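A short worksheet on the structure shown next.
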Amino acid sequence: MYLSHKYKFLVLRTPKTGSSSLSEFLVKNIDDPDAIYTEIDDTNIPGTLDPDIVNRNRPFKYFHFSLEDLLREGVITPDIIKNYRCISVLRDPIDRQKSFYYFMKKWWSPNRPASLEEYKSFSPDGYSLRKEHNTMLKQTDLLKYNGEICGEFWLYENLNEHVEAFMKDLGVEIKYPMPRHKAGFRKNRDNEIEFDHEVITKLQNHFTDDFRIYSKLKFLEWRKNENQAN
């Protein structure tokens, strides 16, 4: 998470959506010495969030707080949710799940070729890889408050465009480009595994809102591009 009271915005970190890269970008570019943020493990940038809160939410939860987590911990208030710009990144749920698989197999089975059968062995339920917390986390849950989405989603594939527009809105100059952490785990996208109907159905059943909102945003993007072309 990255919280700026100076600029009145909150960015939540969703796993496997470029959250480390986005966090480093914000820390290095936003001129707010009082900003509150979690550590960035990929670059050893220490966080400014209260260590007691971090320790209560180890080992991984504190990287990926939701609005309700932050409310529970007293980091934000309902007024902040209402009046600040709350942001999270949303990725195609199927592509995100493949990203988890290729990332984790580097440790779990580095010497075996990727396969659908191996994915299913890691994830019999179709959506959680060896019950790792982050693989089960629903992207849209991060921005939910009282069961409703409170904030905006940036599409993962358009992250650079979203960031540039955001910084322009803030009137803040971009001095450091967006880094690319964990970008080398899927080098050959043309020869990746394909999920079958069984796996896709299980993903859709678990990540229902992620699929629904992602599809809606992609449709709105398509309609916007069509209108601009005409």
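Because the structure is predicted, anything quoted here is derived from the model rather than measured.
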Backbone N/O of [Y] and side chain of [X]: donor-acceptor pair under 3.5 Å:
X: Asn29; Y: Lys175; answer: yes
X: Arg96; Y: Gln139; answer: no
X: Thr38; Y: Met1; answer: yes
X: Ser99; Y: Asp95; answer: no
X: Glu132; Y: Phe100; answer: no
X: Ser66; Y: Asp141; answer: no
X: Asp196; Y: Val199; answer: yes
X: His162; Y: Leu155; answer: yes
X: Asn57; Y: Ile53; answer: yes
X: Lys106; Y: Pro110; answer: no

message: side chain to side chain contact (heavy atoms under 4.5 Å, CB included) for Asn83 and Lys8? Distances and angles first, verdict last.
response: CA-CA 8 Å; Asn83 297 306; Lys8 292 183 167 51; over 6 Å; no
Salt-bridged, [X] to [Y], with N to O below 4.0 Å?
X: Lys28; Y: Glu24; value: yes
X: Lys218; Y: Glu221; value: yes
X: Glu157; Y: Arg91; value: no

Would you mind reporting whether [Y] and [X] have side-chain heavy atoms less than 4.5 Å apart?
X: Leu3; Y: Leu49; value: no
X: Val163; Y: Met167; value: yes
X: Tyr145; Y: Glu68; value: yes
X: Leu143; Y: Leu67; value: yes
X: Lys202; Y: Phe207; value: no
X: Leu12; Y: Leu70; value: yes

field: From CA spacing to verdict: side chain to side chain contact (heavy atoms under 4.5 Å, CB included), Leu203, Gln97
entry: CA-CA 9 Å; Leu203 291 174; Gln97 206 65 12; 3.8 Å; yes
- request: Could you tell me which residues satisfy side-chain hydrogen bond (donor to acceptor under 3.5 Å, both in side chains) with Thr14, sequence neighbours excluded, listed by chain and number?
  value: Ser88
query: Of all residues at least two apart in sequence or in a different chain, which pass the side-chain hydrogen bond (donor to acceptor under 3.5 Å, both in side chains) check with Lys131?
result: Asp125
message: Listing request: all ring pair (Phe, Tyr, Trp, His ring centres under 6.0 Å) pairs with a residue in residues 32-85, at least two apart in sequence or in separate chains.
response: Tyr2-Tyr37, His5-Tyr84
task: Please state whether the rings of Phe9 and Tyr7 are parallel, tilted or perpendicular, taking 30° and 60° as the class boundaries.
output: tilted
task: Report yes or no: do Tyr101 and Glu118 form a side-chain donor-acceptor pair below 3.5 Å?
output: yes
Minimum heavy-atom distance between [X] and [Y], given as atom pair plus value:
X: Leu217; Y: Leu90; answer: CD1-CD2, 4.0 Å
X: Leu129; Y: Ser123; answer: CD2-CB, 3.8 Å
X: Tyr156; Y: Val89; answer: CA-CG1, 3.7 Å
X: Ser128; Y: Met136; answer: CB-CG, 3.0 Å
X: Ser20; Y: Asp41; answer: OG-OD1, 4.0 Å
X: Thr48; Y: Ala35; answer: OG1-O, 2.9 Å

Spacing of [atom1] belonging to [X] relative to [atom2] belonging to [Y], to within rounding of 0.5 Å:
X: Lys224; Y: Leu220; atom1: NZ; atom2: CG; result: 10.0 Å
X: Ser21; Y: Arg180; atom1: OG; atom2: CZ; result: 8.0 Å
X: Asp50; Y: Asp52; atom1: CG; atom2: CG; result: 4.5 Å
X: Ser215; Y: Asp210; atom1: OG; atom2: CG; result: 10.5 Å
X: Leu116; Y: Glu198; atom1: CG; atom2: CD; result: 8.0 Å
X: Leu10; Y: Ile81; atom1: CG; atom2: CD1; result: 8.5 Å

Criterion side chain to side chain contact (heavy atoms under 4.5 Å, CB included) on Val172 and Phe166, from CA distance to verdict: CA-CA 9 Å; Val172 176; Phe166 177 68; over 6 Å; no
In terms of hydrophobic clustering (I, L, V, M, F, W, Y; side-chain heavy atoms under 4.5 Å; direct or indirect links), are [X] and [Y] co-clustered?
X: Leu170; Y: Val11; answer: yes
X: Phe25; Y: Ile45; answer: yes
X: Ile87; Y: Leu137; answer: no
X: Ile36; Y: Val27; answer: no
X: Trp107; Y: Ile193; answer: yes

message: Show every salt bridge (Lys or Arg N to Asp or Glu O under 4.0 Å) that has at least one partner inside residues 70-85, sequence neighbours left out.
response: Arg56-Glu73, Asp69-Arg72, Arg85-Glu152, Arg85-Asp169
field: Within the 6.0 Å centroid threshold, strictly below: Tyr119 and Phe195
entry: yes
Residues in salt bridge (charged side-chain N to carboxylate O under 4.0 Å, His left out) contact with Asp209, at least two apart in sequence or another chain: Lys144, Arg212
Phe103 six-ring face occupied by Lys16 cation (under 6.0 Å, within 45°): yes
message: Atom CD of residue position Glu148 - does it have more than 12 heavy atoms of other residues, nucleotides or ligands inside 6.0 Å?
response: no
message: Are there over 12 heavy-atom neighbours, none belonging to Arg223, within less than 6.0 Å of that residue's CZ?
response: no
Glu194 and Lys98: CA distance, side-chain angles, deciding distance, side chain to side chain contact (heavy atoms under 4.5 Å, CB included) verdict: CA-CA 9 Å; Glu194 292 292 334; Lys98 288 184 181 181; 3.9 Å; yes
field: With sequence neighbours excluded, residues passing side-chain contact (heavy atoms from CB on, under 4.5 Å) with Lys6
entry: Ser4, Asp31, Asp32
